[in-house]
Amino acid sequence: GKFLPLGSMLKLKGTEDDTLLYFVVARAIKKNESDEIVPRYRVAPHPHGDVPTQEVFSIEVTQIVEVFLKDMKMKEMLTL
């Protein structure tokens, strides 16, 4: 499948706080159980980012509930 762009804003499931939004800070690929290549992402919580008090972690594409922002041209949608 296609990768989400870096900076994409996501709502996730299976996290410590599923009410937070997260943004994509890195992308990778891996093989799933069916030997298909699938995207994998490292995400940071919004608005904190990669700071010592917040965890940056890897997610499976299946944890993505909703994509709010795919393009930083749409950044005016965010309230920072």
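Computed from a prediction, not measured in an experiment: that's the story for all the values here. One is the number of the first residue; the rest follow in order along the sequence.
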So, do [X] and [Y] sit near enough that their side-chain heavy atoms are less than 4.5 Å apart?
X: Leu21; Y: Lys11; answer: yes
X: Leu4; Y: Ile64; answer: yes
X: Val43; Y: Leu10; answer: yes
X: Tyr22; Y: Ile59; answer: no

Residues two or more places apart in sequence or in another chain: which of them pass side chain to side chain contact (heavy atoms under 4.5 Å, CB included) with [X]?
X: Glu36; result: Asn32, Ser34
X: Glu33; result: none
X: Arg27; result: Phe3, Leu6, Val24, Tyr41
X: Thr19; result: Asp17

- Smallest separation among heavy atoms of Val61 and Pro39, with atom names: CB-O, 3.8 Å

- Item | Non-hydrogen atoms of Glu55 and Pro45 that approach each other most closely |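 Distance-wise, the nearest heavy atoms are O-CD, 3.4 Å.
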
- For atom CD of Glu66, decide whether the heavy atoms of other residues, nucleotides or ligands shown that lie under 6.0 angstrom number more than 12.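 Check passes, neighbour count above 12.
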
- Message: Holding to salt bridge (charged side-chain N to carboxylate O under 4.0 Å, His left out), I want the full list of residues that pass it with Lys30, two or more places apart in sequence or in another chain.
- Response: Glu60

- If you round to the nearest 0.5 Å, how far is CZ of Phe68 from NE2 of His46?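 One finds 11.5 Å between NE2 of His46 and CZ of Phe68.
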
- Message: Under a 3.5 Å distance rule, please check whether Arg42 uses its side chain to pair with a backbone N or O of Val56 as donor and acceptor.
- Response: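 Here the side-chain-to-backbone pair exists.
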
